[in-house]
Participant: 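Structure in structure tokens, see below.
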Amino acid sequence: DTEVTQTPKHLVMGMTNKKSLKCEQHMGHRAMYWYKQKAKKPPELMFVYSYEKLSINESVPSRFSPECPNSSLLNLHLHALQPEDSALYLCASSQEGPNSRTDTQYFGPGTRLTVL
Amino acid sequence: DQQVKQNSPSLSVQEGRISILNCDYTNSMFDYFLWYKKYPAEGPTFLISISSIKDKNEDGRFTVFLNKSAKHLSLHIVPSQPGDSAVYFCAASGRAGGTSYGKLTFGQGTILTVHP
């Protein structure tokens, strides 16, 4: 089973709203990731958690705040977003994380976010 | 600077024939390569990977070839089926540019259409 689940599937929010995206995996993976994908572009890495600790932050604006409550869950808290933040937000997980040379990332279906 | 490039935006193939998708990379520190398939409004699905210590990896209808001297990899799908129609991304990881293995760098994607 290589399933990563994400909720909600779609989200529309205003620029003053606070919302959260959720991601869950039950594969026993120790690393979890957030990516952002704009239309007709490849996914771009935002954050990596390894063993529940933030391992990589790709200079993402502070209006995006990740949280890893436990090894199976990953949240992305959103606050004061801009319309240009509208995108598909993808969560992924992998067995080992950034210290493993041949670690494969498995992606969830994504949350389609629209900021009005 | 685009470190992973898929120079063909699209490819059209007849059902039953071979599909060959190409990918080039510029950074010699990349040493693990993956192919993902993506349907619209879904997350990328892992297909196959190859480590830099190999030059070929095969899994059913999918074979990936790696030419390190040319910094080139290709994905062969044979026989191609209409259900293979999707966007295909190649991705690379490695200790490139001071990053750790957790960061996947994606190509721009190639749209494969398999005609019945």
Side-chain angles (χ1 to χ4, degrees), chain A residues 2-6 9-10 21 23 25 27 29-51 53-60 87-114, chain B residues 1-7 9-10 21 23-25 29-54 57 59 62 64 66 86-111:
Chain A
T2 55
E3 188 177 20
V4 176
T5 59
Q6 290 186 243
K9 195 172 175 66
H10 300 277
L21 309 184
C23 175
Q25 58 90 12
M27 296 176 279
H29 288 177
R30 308 308 301 186
M32 296 185 76
Y33 309 76
W34 280 115
Y35 285 82
K36 173 181 178 179
Q37 185 176 22
K38 301 282 276 185
K40 301 190 187 303
K41 296 287 188 184
E44 293 181 348
L45 182 67
M46 300 174 73
F47 303 103
V48 181
Y49 272 83
S50 178
Y51 291 83
K53 288 186 171 29
L54 186 62
S55 175
I56 298 175
N57 177 341
E58 288 288 295
S59 302
V60 178
L88 181 68
Y89 288 83
L90 294 162
C91 175
S93 71
S94 68
Q95 185 72 39
E96 298 294 335
N99 292 324
S100 170
R101 190 171 151 271
T102 57
D103 205 29
T104 297
Q105 295 180 29
Y106 296 92
F107 286 82
T111 293
R112 174 69 61 188
L113 174 67
T114 303
Chain B
D1 176 30
Q2 199 174 341
Q3 298 188 63
V4 178
K5 298 178 186 177
Q6 293 175 254
N7 291 317
S10 62
L21 298 111
C23 180
D24 297 294
Y25 61 98
M29 296 295 286
F30 287 140
D31 59 7
Y32 186 57
F33 304 90
L34 308 93
W35 283 95
Y36 288 88
K37 169 182 174 181
K38 188 177 185 301
Y39 294 116
E42 293 185 12
T45 300
F46 169 69
L47 282 175
I48 192 167
S49 62
I50 188 165
S51 165
S52 60
I53 61 174
K54 295 186 174 181
N57 189 26
D59 184 1
F62 302 94
V64 56
L66 175 63
V87 180
Y88 287 78
F89 289 98
C90 70
S93 74
R95 294 194 184 277
T99 64
S100 64
Y101 288 118
K103 179 173 180 177
L104 284 181
T105 301
F106 285 84
Q108 296 293 312
T110 297
I111 301 170

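Since this is a predicted model, take the numbers as computed values, not measurements. In what follows, chains carry the letters A, B, and so on, assigned in the order in which the sequence lines appear, proteins first and then strands, with residues in each chain numbered from 1.
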Participant: Which atoms form the tightest heavy-atom contact between A:Arg101 and B:Ser93, and what is the distance?
Facilitator: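 Taking every non-hydrogen atom into account, O-OG, 4.2 Å.
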
Participant: Of all the heavy-atom pairs spanning A:Leu88 and B:Glu42, show the shortest one and how long it is.
Facilitator: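 For A:Leu88 and B:Glu42, the tightest heavy-atom pair comes out as CD2-O, 4.2 Å.
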
Participant: Under 4.5 Å from any heavy atom of chain A, what part of B:Thr105 do you find: side chain, backbone, both or neither?
Facilitator: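 Contact with chain A is absent: no heavy atom of B:Thr105 under 4.5 Å.
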
Participant: Can you name the closest pair of heavy atoms from B:Gly43 and A:Leu90 and give their distance?
Facilitator: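 In terms of heavy atoms, the two residues are closest at CA-CD2, 3.7 Å.
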
Participant: Show the numbers, then the answer: is there a side chain to side chain donor-acceptor pair (under 3.5 Å) between B:Tyr32 and A:Thr104?
Facilitator: CA-CA 9 Å; B:Tyr32 186 57; A:Thr104 297; 2.8 Å; yes

Participant: Can you tell me how far CG of B:Leu34 sits from CG of A:Asp103, rounded to the nearest 0.5 angstrom?
Facilitator: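 If we round to the nearest 0.5 Å, A:Asp103:CG and B:Leu34:CG are 9.5 Å apart.
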
Participant: Hey, are the side chains of A:Tyr33 and B:Leu104 touching, using non-hydrogen atoms and a 4.5 Å cut-off?
Facilitator: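 A:Tyr33 vs B:Leu104: side chains apart.
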
Participant: Is it the case that over 12 heavy atoms from other parts of the model lie below 6.0 angstrom from the NZ atom of A:Lys41?
Facilitator: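 Atom NZ in A:Lys41 is not crowded, with 12 or fewer foreign heavy atoms closer than 6.0 Å.
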
Participant: Which heavy atom of A:Pro42 sits nearest to which heavy atom of B:Phe106, and what is that distance?
Facilitator: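 Shortest heavy-atom separation between A:Pro42 and B:Phe106 comes out as CB-CB, 3.5 Å.
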
Participant: If you look at every heavy atom in A:Lys40 and B:Gln108, which pair is closest and at what distance?
Facilitator: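 Looking at all heavy atoms of both residues, the closest pair is O-OE1, 4.4 Å.
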
Participant: Any side-chain heavy atom of B:Lys103 sitting closer than 4.5 Å to one from A:Glu44?
Facilitator: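 Not in contact.
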
Participant: Quick check for you: among A:Pro43, A:Cys91, A:Ala92, which has the greatest number of heavy-atom pairs under 4.5 Å with chain B?
Facilitator: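 Result: the option with the highest number of such pairs is A:Pro43.
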
Participant: Measure distances from B:Tyr36 to the heavy atoms of chain A and classify the residue's part below 4.5 Å as side chain, backbone, both or neither.
Facilitator: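 Side chain only.
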
Participant: Heavy-atom distance under 4.5 Å to chain B: side chain of A:Glu96, backbone, both or neither?
Facilitator: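 For A:Glu96, there is no contact with chain B at all, as no heavy atom is under 4.5 Å.
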
Participant: For B:Ile53, is it the side chain, the backbone, both or neither that has a heavy atom under 4.5 Å from a heavy atom of chain A?
Facilitator: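 Contact with chain A: backbone and side chain both.
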
